[in-house]
Amino acid sequence: MQPTDDLSQVEVRRSRRRARTVTAWREGDRTIVAIPARFTRAQEQEWVRRMLTRLAAQERRRRPSDEELAARAADLSARYLGGRARPTSVAWSSNQGRRWGSCTPSDGTIRLSDRLRGMPRWVVDYVLLHELAHLLHAGHGPDFWAELDAYPRTQRARGFLEGVAYASDRVGAGGPTDVDGDASGEVDEVDDDAAALEATDVAVALEGADDDGEVEPGDGVVALDGAGARGRVRPAARARG
């Protein structure tokens with residue numbers, strides 16, 4: 001179900017312990033906005049509006065259209081492959097089976113599994129680059145992997161996808177395995193910041209840090225009024241109060 005920005009579907013949670021952050025996240029078709037208890041009703045309304053806007057912008061970035069996906073592929077090819085990989089089309093696909101993506105070098109088409117939608121952008125970028133590299137090298141030999149060495153998050157993204165595949169198999173979902181459908185057998189540790197990234201969390205640090213000196217979780221932490229976010233993103237579950 002698509003989340004809504006209908007104010008009737010917004011739940012505001014106030015907390016006396018929350019002093020310097022506002023956090024918003026999706027729960028199904030509802031949006032939860034956690035605010036300090038000291039906020040006036042006018043401040044509450046203003047911050048609900050701001051957080052809904054931030055969530056919507058974040059979700060648009062995480063779910064690009066086919067046209068935006070093709071433009072991203074062109075940018076990645078230029079940045080990491082010298083512009084040599086030039087696909088004829090790039091699009092989302094719902095019939096990738098156990099693959100995260102596929103490339104047909106003979107006609108230059110690239111398809112990405114729609115299961116990637118909502119994952120961190122750097123993970124989608126890796127899959128795009130993986131398939132772009134197949135336009136230059138059909139197999140997974142040394143020359144192929146050398147093309148991906150320029151992308152700084154190759155190993156992290158592979159570990160992230162291996163973790164998602166493992167979790168899917170544990171619950172019997174039968175999700176994708178490796179990018180092209182074959183389990184690689186190489187599992188990287190997923191760093192805490194990668195594990196903490198979620199598609200529907202936004203946190204704003206009002207004065208730079210929460211009461212305990214740490215920024216609330218979310219992948220869009222912003223410090224207002226020029227203050228720096230001094231804390232770090234927590235890898236734990238989202239704050240609920």
Report task. For A37 and R14, work out which heavy atoms get closest and say how close. Result -> O-NH1, 2.9 Å
**Report entry** Salt-bridge criterion met for R84 and E147 (N-O under 4.0 Å)
**Finding:** yes
Report summary line: d(D149 CG, F144 CZ) to nearest 0.5 Å is 11.0 Å
Query raised in the report: Does the R38 side chain pair with the main chain of A19, one donor and one acceptor, at a distance under 3.5 Å?
Result: yes
Query raised in the report: Taking only residues two or more places apart in sequence or in another chain, which ones pass side-chain hydrogen bond (donor to acceptor under 3.5 Å, both in side chains) with S89?
Result: R111
Query raised in the report: Looking at CZ of R156 and CZ of R153, how far apart are the two atoms once the value is rounded to the nearest 0.5 Å?
Result: 5.0 Å
Query raised in the report: Can you check whether S94's main-chain N or O pairs, donor with acceptor, with R115's side chain at less than 3.5 Å?
Result: no
Requested in this report: Please step through side chain to side chain contact (heavy atoms under 4.5 Å, CB included) for the pair R30 and V10, ending with a clear verdict.
Outcome: CA-CA 6 Å; R30 294 188 307 150; V10 175; over 6 Å; no
Query raised in the report: At their closest point, which heavy atom of A157 faces which heavy atom of V123, and how far apart are they?
Result: CB-CA, 4.3 Å
Report task. Indicate the ring-plane relationship of Y126 and Y151, choosing parallel, tilted or perpendicular according to the 30° and 60° boundaries. Result -> parallel
Query - Non-hydrogen side-chain atoms of S93 and L112 separated by less than 4.5 Å - result: no
Report summary line: Heavy-atom nearest pair, P105 first then C103, reads CD-O, 3.4 Å
Requested in this report: Determine, stepwise, if the pair L161 / M119 fulfils side chain to side chain contact (heavy atoms under 4.5 Å, CB included).
Outcome: CA-CA 10 Å; L161 293 172; M119 289 191 187; 4.0 Å; yes
Query raised in the report: Between D114 and R117, is the closest basic N to carboxylate O distance under 4.0 Å?
Result: no
Query raised in the report: Is L69 close to V124 at the side-chain level, that is, under 4.5 Å between some pair of heavy atoms?
Result: yes
Query raised in the report: Under 3.5 Å, is there a donor-acceptor pair between the side chain of S113 and the main chain of L116?
Result: no
Query - Check: S77 side chain, A73 main-chain N or O, donor-acceptor pair, under 3.5 Å - result: no
Report task. Take L135 and R86, measure what side chain to side chain contact (heavy atoms under 4.5 Å, CB included) needs, and give me the verdict at the end. Result -> CA-CA 8 Å; L135 293 175; R86 300 177 181 178; 5.9 Å; no
Query raised in the report: Ignoring hydrogens and geometry, is there a side-chain-to-backbone donor-acceptor pair from T23 to A34 under 3.5 Å?
Result: no
Query raised in the report: Within a strict 4.5 Å, meaning less than it, do heavy atoms of the H140 and H130 side chains meet?
Result: yes
Query - Expected output: side-chain T88 to main-chain D107 donor-acceptor under 3.5 Å - result: yes
**Report entry** Flag side-chain contact, heavy atom, 4.5 Å: L148 against Y80
**Finding:** no
**Report entry** 4.5 Å side-chain heavy-atom contact, V12 and V48
**Finding:** yes
Query raised in the report: Would you say R18's side chain and P36's backbone share a donor-acceptor pair under 3.5 angstrom?
Result: no
Report summary line: Smallest heavy-atom separation, L52 atom then R26 atom, equals CD2-NH1, 4.2 Å
Query raised in the report: Would a distance-only check, ignoring hydrogens and angles, find a side-chain to backbone donor-acceptor pair under 3.5 Å from D66 to W92?
Result: yes
Report task. Apply side chain to side chain contact (heavy atoms under 4.5 Å, CB included) to T154 and L129, showing your working. Result -> CA-CA 9 Å; T154 288; L129 270 172; 6.0 Å; no
Query raised in the report: Atom NE2 in H137, atom CG in D143: separation rounded to 0.5 Å?
Result: 5.0 Å
**Report entry** Donor-acceptor pair, side chain of S15 and main chain of R17, under 3.5 angstrom
**Finding:** yes
Requested in this report: Using atom types as modelled and distance alone, determine if a side-chain donor or acceptor of Q45 lies under 3.5 Å from a backbone N or O of A42.
Outcome: no
Query raised in the report: Quick one: are V33 and R13 in side-chain contact, heavy atoms under 4.5 Å?
Result: no
Report task. May I have the step-by-step check of side chain to side chain donor-acceptor pair (under 3.5 Å) for Q96 and S102, ending in yes or no? Result -> CA-CA 7 Å; Q96 290 298 294; S102 63; 2.9 Å; yes
**Report entry** Ring center gap for F160 and W122 short of 6.0 angstrom
**Finding:** yes
Query - Residues E68 and R72 bridged, charged N to O under 4.0 Å - result: no
